[in-house]
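When a ligand or atom number is given, it counts from 1 through the structure's own listing order. These figures come from a predicted structure and were not determined experimentally. Atoms considered below: every heavy atom in the structure, side chains included; atoms not considered: hydrogens, waters and symmetry mates.
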Amino acid sequence: MSLTFDTTFTFDSIGVVHSPYREKFAIPRQPGLVTADQGYIELSGPCNREEILRGLEAFSHAWILFVFHEAMREQWKPMARPPRLGGNQKVGVFASRSPFRPNPIGQSVVKLEGIRAHSGQWRVHFSGGDLLHGTPVLDIKPYLPYADAIADANGAYAPDKPGADRPVRFSEAASASLARLETEYPALQLLIEQVIAQQPQPAYHRQDEAKIYGMMLYDLNIRWQQSLQDACVITVEKQR
Ligand code: SAM
């Protein structure tokens, strides 16, 4: 008996992500790799109500299902080049976490950091995200360790967390900026260290040149110099 079913669906977002990551460059490649971020989902429309969240606060983590709104390509490709394979070896897009997918729907497990209303807007606060500021959210689901954490699972070409041991130091000017900004941006230094330690630059960039990179976290422009030994944050400046 052949199945007949719809093949195109329309969904309404249930909210939007607020996160420090204002551009795609330097966002951690998976959730949980950077933990000093402070983000939240602001619920919207008919989902902006207390009872829809009641009980979620009892869980430590939650799945966020979302739309890669800045990866919406008309023409997706059936293969991808995962950074974990050096960015030059291809695998099928279903064997990768590339944002460019037939349906740009993503899934990330985040640590819940509180659920509260702010001027009538319900917010689900989280840390450990890998989501661009403004990401539309399709669903929130509690993380169930007995079902979701599979201790003997095989991660193929991505068996464990990528290394994040590159030391990050700060120039005098950057340290002075951090001292001024720390109250307005909690855990800012740790966030910068954790993000840069992920080595966000493309895998194929040679490491023997002291290249200068820039990224936006919150409304701050952060520039750093990467070398073989370490990374040095040169400036931390508010975007004018
Ligand atoms: N954990 C999710 C998954 O497995 O479906 C996402 C993995 S994907 C490799 C994570 C990357 O997606 C981030 O490093 C960032 O570059 C990109 N990204 C995050 N939010 C996005 C958005 N709203 N639109 C497009 N790209 C986004």
Using atom types as modelled, flag every donor-acceptor pair under 3.5 Å from a side chain in residues 85-106 to any protein atom, sequence neighbours excluded.
from, atom 1, to, atom 2, distance (Å)
Ser96, OG, Val93, O, 3.2
Ser96, OG, Ser98, N, 3.0
Arg97, NH1, Gln30, OE1, 2.9
Ser98, OG, Phe100, N, 3.1
Arg101, NE, Ser98, O, 2.6
Arg101, NH1, Ile105, O, 2.8
Arg101, NH2, Arg97, O, 3.0

Acceptor/donor pairs from residues 114-124 side chains to any protein atom, 3.5 angstrom cut, sequence neighbours excluded:
from, atom 1, to, atom 2, distance (Å)
Arg123, NE, Glu42, OE2, 3.0
Arg123, NH2, Tyr40, OH, 3.4
Arg123, NH2, Glu42, OE2, 3.3

Which pairs of N or O atoms, one from ligand 1 and one from the protein, are separated by less than 3.5 Å, and what is the distance for each pair?
from, atom 1, to, atom 2, distance (Å)
ligand 1, 1 (N), Gln30, OE1, 3.0
ligand 1, 1 (N), Gln107, O, 3.0
ligand 1, 1 (N), Ser108, OG, 3.0
ligand 1, 1 (N), Asp130, OD2, 2.8
ligand 1, 4 (O), Arg97, NH1, 2.9
ligand 1, 5 (O), Arg101, NH1, 3.0
ligand 1, 5 (O), Arg101, NH2, 2.8
ligand 1, 5 (O), Gln107, N, 3.1
ligand 1, 14 (O), Ile27, O, 3.2
ligand 1, 14 (O), Pro28, O, 2.9
ligand 1, 20 (N), Leu132, N, 3.1
ligand 1, 23 (N), His69, ND1, 2.8
ligand 1, 23 (N), Thr135, OG1, 2.8
ligand 1, 24 (N), His69, N, 3.4
ligand 1, 24 (N), Glu70, N, 3.0

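- Defined by atom type and a distance below 3.5 Å, a donor-acceptor pair is missing between the side-chain atoms of Gln239 and Glu237.
- A salt bridge links Lys238 and Asp219; the closest N-O separation between the charged side-chain nitrogens and carboxylate oxygens is under 4.0 Å.
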For residues 19-26, please give each side-chain donor-acceptor pair under 3.5 Å, one per line with the distance, not counting sequence neighbours.
from, atom 1, to, atom 2, distance (Å)
Ser19, OG, Tyr21, N, 3.1
Ser19, OG, Leu131, O, 2.7
Ser19, OG, His133, N, 3.3
Arg22, NE, Ser19, O, 3.0
Arg22, NH2, Ser19, O, 3.3
Glu23, OE2, Met216, N, 2.7
Lys24, NZ, Glu70, O, 2.6

| task | Could you check Arg84 against Asp160 for salt bridge (Lys or Arg N to Asp or Glu O under 4.0 Å), going step by step and ending with a plain yes or no? | result | CA-CA 10 Å; Arg84 293 297 291 271; Asp160 44 23; 3.3 Å; yes
